[in-house]
Amino acid sequence: MYRTLVHVLREFRGPEEVLNVVLHDWDVMRTYLDTRSVLVSHQKTERPTIYGVQQLRTRTFQFIADLKSPVQLLATAEKTQSSTWRLRAAELLIDVLTGRQMPHDALAVLREIYRQGLHVPGYQQLKLVQALAKADSYEIANPMFANLRKALKDHHGQLETMIAETGLYLFAMQGNVRQTQSHFRQVRNAGGDMQKAVALLLHVHAVKGDSTAAVAVFDQYCTENPKRTTEQIKPSIVHYSSVIHAHAQRGDREGMNLWLQKLAAAGHTPDAYVYNVILKAFAEKGEIASMGSVIEQMRAAGIQPNVVAYTTALSALADRRDPVAAEALFREAVKDGIVPDRAMLNTLMNAHVRAGSWRGVINVFDYMIKQSRERNVPVSIVTYNTLLKAFVSIGAPFSTVFRLFHRLEEMQLRPDQYTFALVTQSACDGNVMDVAEKLYSAVKEMARSWEHGVSLTVYLATIVMAGHLKAGNKKRARGMYREMIELGIQPSSVTFSNIVKAYSNESGETNIEIAKQFIQELMIVDPENHNQDWMQNARGAGSALEEVYGPLLWAYAKAKKPGEVEALLQELFAKGGEPSLSNLTALLDVYRRTDNIEGVREVWPQIHKMALELSDLGDLFQDKSALPSENTTRPGTRRQANILAMPLSIYIDVLSSQGYHAEVSKVWQELRLAGFSFDSHNWNHLIVALVRAGEVARAFEVIERVIIPFRHALASIGVKQHRAEPSSPLLTDYEPDPDELSRPPTLWPTGAERRAARQRKVRRERVLVGIVEEKPQDFAHALHILRQVSPQWDQWRPHSTALQALADALEHLQRGNLVQPVRPPGATWRPPQTLQDVEERARKAQETLDQIYEESPSALEYAHRWIDWRKSHGEKLKKLGLSGR
DNA sequence: TTAGGGTTAG
């Protein structure tokens, strides 16, 4: 009867009337609705005949959740309803909202009823703490739990058990091992639910990546053997999956496989959670192809990838700095029926942040703000942290970042450890180390009590230490390192990498030797002290080794010491490291610097092959055509497949300087056909290579047809001031503005450009004095401005080495000479033999000049400007030695 | 489906 009544009321009177009737008949209704009632908690297992109870409960909750503003309703009721009514309403609303994972709405209800001088029972509040913890809102959940525990400390029985269980949940989710263990004992002693308790104890070790501890807990408390001790339980799939998670978290694939086998042997089939843990392990290692096959397996097993699986895959694409692939996958997810949530949108936004796609960042952010207004749910600190990261990467002045940081508090958003890390990073970048130290101390102080939900991590300590190293203050860096050890913070491979980098980058043999010695000491295995814990991370020991050895490898490469590079690589591989794009490129570079063409020819194919494997994203997509194609003339929208850019520049440079011009052209074509894209450095190297090949007209053409249009297209993307309210989080949903591409290319520095540059400078200064205040409501405003004053397109220009080569060639042609190709060692060049020869060459030189005038007028102007500039600055240039780019 | 998975910092 109630089921029918509730439906009819909802249909004809709306959700408010549903609530009214439920509260009016509360004495009866609570039997069906209250979680603590016998009917609800046992109906599933013991009273299957009254299954309608579950339906009534689900539907009623759903209808009540449809209320526009529960807080408003309670506020109005203050004048019209009794305190009993209001209290019941609050309890019910909190039940409904926590149950539907809307803890922040539930919190608003709690605050309102508290304002009215009424108090909700501890049960609902503890449930709310758990829901907040599940939503990662520890900064709210922790103080709330601390207060509740104090207020309820005299209660015994059920509530006491629930306090212990809530604490267990809260600390397990946060990875607080000590508190989790202590609450686990409390739950056990109070006779709480051991299935849940063991799962949470396993979970805390999983979060920490401590697989040894997880296995120990499993062995102690779980057994498939029916003869169990009183404290043992029969493990469920949840327990197995936590142990798998623990292994995944430290990048231990063998351990994962072993526990997958155990899970299967116990009669379980991997579910969505298990698959997602595996997926995450591959995502961390950047193994896109493996992720593709896991997703395929999921589908074959009848488990459709859900929003979590897609978010995991998106984060792998964000790590690759590939926002276009991320957008394509996001689109495929939506097509697949996924409803994107906050985490998924944050990940998409982060993909843009990592790639420096500022327009994409602002678009997703604006979309999320719009959504949050419509749904009346505030945007979380995670989103603001991601935006803050954009400010830090674009190089926003510290004053700007600091203002934004303070604004967060005004907006009642609590900064967390990520926020502090980002602001501290900005302080280090701005070389205000005393401020960085102060921020560090503030976090250290907060971390002393768990209530703040902020912990002092290896990230923050590494940021500050690296800041001191970059400022050249080794003494303070050492101090920070000592403090890490004293506080029991395990330094990571990144910490060590920064130390190695600092010494490797300094000139002088001693420093490089110190760096080498430092690594040797790190590698000494002492099982007693567990002193190699730094190697354990989700990306695996190989990646940790790579991070530590990397800076030294490059230092030896720059110092032209191929023997040292080779020896170090061998050592790295012997220790368990693997050939990577980065370490092979260091080897390629040292061979280039020492003119070792055989070495180059040996390494390049390995790099090429590796890049092909790494850049293959196809497996991730169901629809293989979902990825936008290459070779579009619009640089902002190309898939970022430029992982080969640096080794390619090195390779081209070697080949062309040794006279192997046909090979340059061959490799360029091959890579283009394979779908790789080239960056500005590649094109500039190609210009130099073409001049070395005697192909001067084609060298000019590269500037005319590639560099200038790219520069122009990228520059004009920043021109638009207007920010429309986005209807989609995807940039690719917007038609490109035809104006952006059709405007004729301009040269720098023409009058107009110079004016524009001046304006940018003025605007940048306005940013410095606090553009943040201009639109206080709009957090992304400063980024919107910065994006325009900090032009990423500036690298799309002819570099000085390219201009130098072109200018030389031009003058050579103008004197009537042909530009002779560089020849391979041993090949001979025949000088002109007769007068006819000379005339013929002069005629050809004139032809080339004509062709350049005809086809590349803008490029030619660049070269002329360079020649003029070189004449006036010739002496200075000689002194400077005309360094590289 | 009230125990487990995804988002942000070096």
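Below, chains carry the letters A, B, ... as their sequence lines are ordered, and counting in each starts from 1.
- Within 4.0 Å of A:Val464, counting heavy atoms only, lies no atom of the nucleic acid at all.
- A donor-acceptor contact under 3.5 Å links the side chain of A:Thr311 to the base of B:dG6.
- The aromatic rings of A:His183 and A:Phe171 are tilted relative to each other, their planes meeting at an angle between 30° and 60°.
- The side chain of A:Thr312 approaches B:dG6 more closely than any other nucleotide in the set B:dA9, B:dT2, B:dG6.
- The distance from the CG atom of A:Leu422 to the NZ atom of A:Lys389 is 6.5 Å, given to the nearest 0.5 Å.
- Scanning atom types as modelled, one donor and one acceptor separated by under 3.5 angstrom connect the side chain of A:Asp271 and the base of B:dG4.
- Aromatic ring orientation, A:Phe420 versus A:Phe405: perpendicular (interplanar angle above 60°, classes split at 30° and 60°).
- In this structure, CG of A:Leu128 is placed 18 Å from P of B:dT2, rounded to the nearest angstrom.
- For the pair A:Leu620 CG and B:dG6 P, the interatomic distance rounds to 18 Å; values are reported in whole Å.
- Contacts of A:Ala272 with the nucleic acid, taken as non-hydrogen atoms under 4.0 Å apart, include base atoms.
- Set against B:dG6, B:dA3, B:dT8, the side chain of A:Lys196 has B:dA3 as its closest nucleotide.
- For A:Asn346, counting side-chain heavy atoms from C-beta on, the closest listed nucleotide (B:dT7, B:dT8, B:dA3) is B:dT7.
- Among the protein residues, A:Ile237 comes within range of the nucleic acid bases, having at least one heavy atom under 4.0 Å from a base atom.
- Using a 4.0 Å heavy-atom distance criterion, A:Gln425 is classed as a sugar-phosphate-only contact.
- Using the six-membered ring where Trp is involved, A:Tyr240 and A:His268 have ring planes that are tilted, between 30° and 60° apart.
- Looking at heavy-atom distances under 4.0 Å, A:Val458 makes contact with a base.
- The distance between atom CG of A:Asp136 and atom C1' of B:dG5, rounded to the nearest whole Å, is 12 Å.
- Residue A:Thr495 is in base contact, counting any heavy-atom pair closer than 4.0 Å across all strands shown.
- Following rounding to the nearest Å, A:Asn276 (CG) and B:dG6 (C1') show an atom-to-atom distance of 7 Å.
- Of the candidate nucleotides B:dT8, B:dT7, B:dA3, B:dT8 has the atom nearest to the side chain of A:Asn385.
- As rounded to whole Å, 12 Å separates atom P of B:dT7 from atom CG of A:Asp341.
- No engagement by A:Met484 is indicated, since no non-hydrogen atom pair under 4.0 Å with the nucleic acid exists.
- Going from atom CD of A:Glu165 over to atom P of B:dA3 covers 10 Å, rounded to whole Å.
- In this structure, A:Leu408 places its CG atom 18 Å from P of B:dT8, rounding to the nearest Å.
- Under 4.0 angstrom from either OP1 or OP2 of B:dG6 there lies at least one side-chain N or O belonging to A:Lys280.
- Using a 4.0 Å heavy-atom criterion, one finds that A:Tyr310 contacts no nucleic acid atom at all.
- Counting only heavy atoms from C-beta on, A:Leu200 has its side chain closest to B:dA3 among B:dT7, B:dA3, B:dT8.
- Contact annotation for A:Ser236: base contact, defined as any heavy-atom pair under 4.0 Å involving a base atom.
- Note on A:Thr457: a base of the nucleic acid sits closer than 4.0 angstrom, heavy atoms only.
- As rounded to whole Å, 16 Å separates atom P of B:dG5 from atom CG of A:Leu263.
- Side-chain proximity of A:Val238 to the nucleotides B:dG6, B:dA9, B:dG4 is greatest for B:dG4.
- Among the nucleotides B:dA9, B:dA3, B:dT1, the one closest to the side chain of A:Ala421 is B:dA9.
- Ionic pairing of A:Arg354 and A:Asp319 is present here: one or more N-O contacts between side-chain nitrogen and carboxylate oxygen are shorter than 4.0 angstrom.
- Using cut-offs of 30° and 60° for the angle between ring planes, the A:His203 and A:His245 rings count as tilted.
- Residue A:Pro323 comes nearest to A:Ala355 through the heavy atom pair CD-CB, 3.4 Å, listed as atom of the first residue, atom of the second, then distance.
- With both ends at atom P, the span from B:dG6 to B:dT1 equals 15 Å, rounded to whole Å.
- The A:Ala343 side chain lies nearest to B:dG6 when the options are B:dG6, B:dT2, B:dT8.
- At a threshold of 4.0 angstrom between heavy atoms, the contacts of A:Ser241 include nucleobase atoms, whether or not backbone atoms are also involved.
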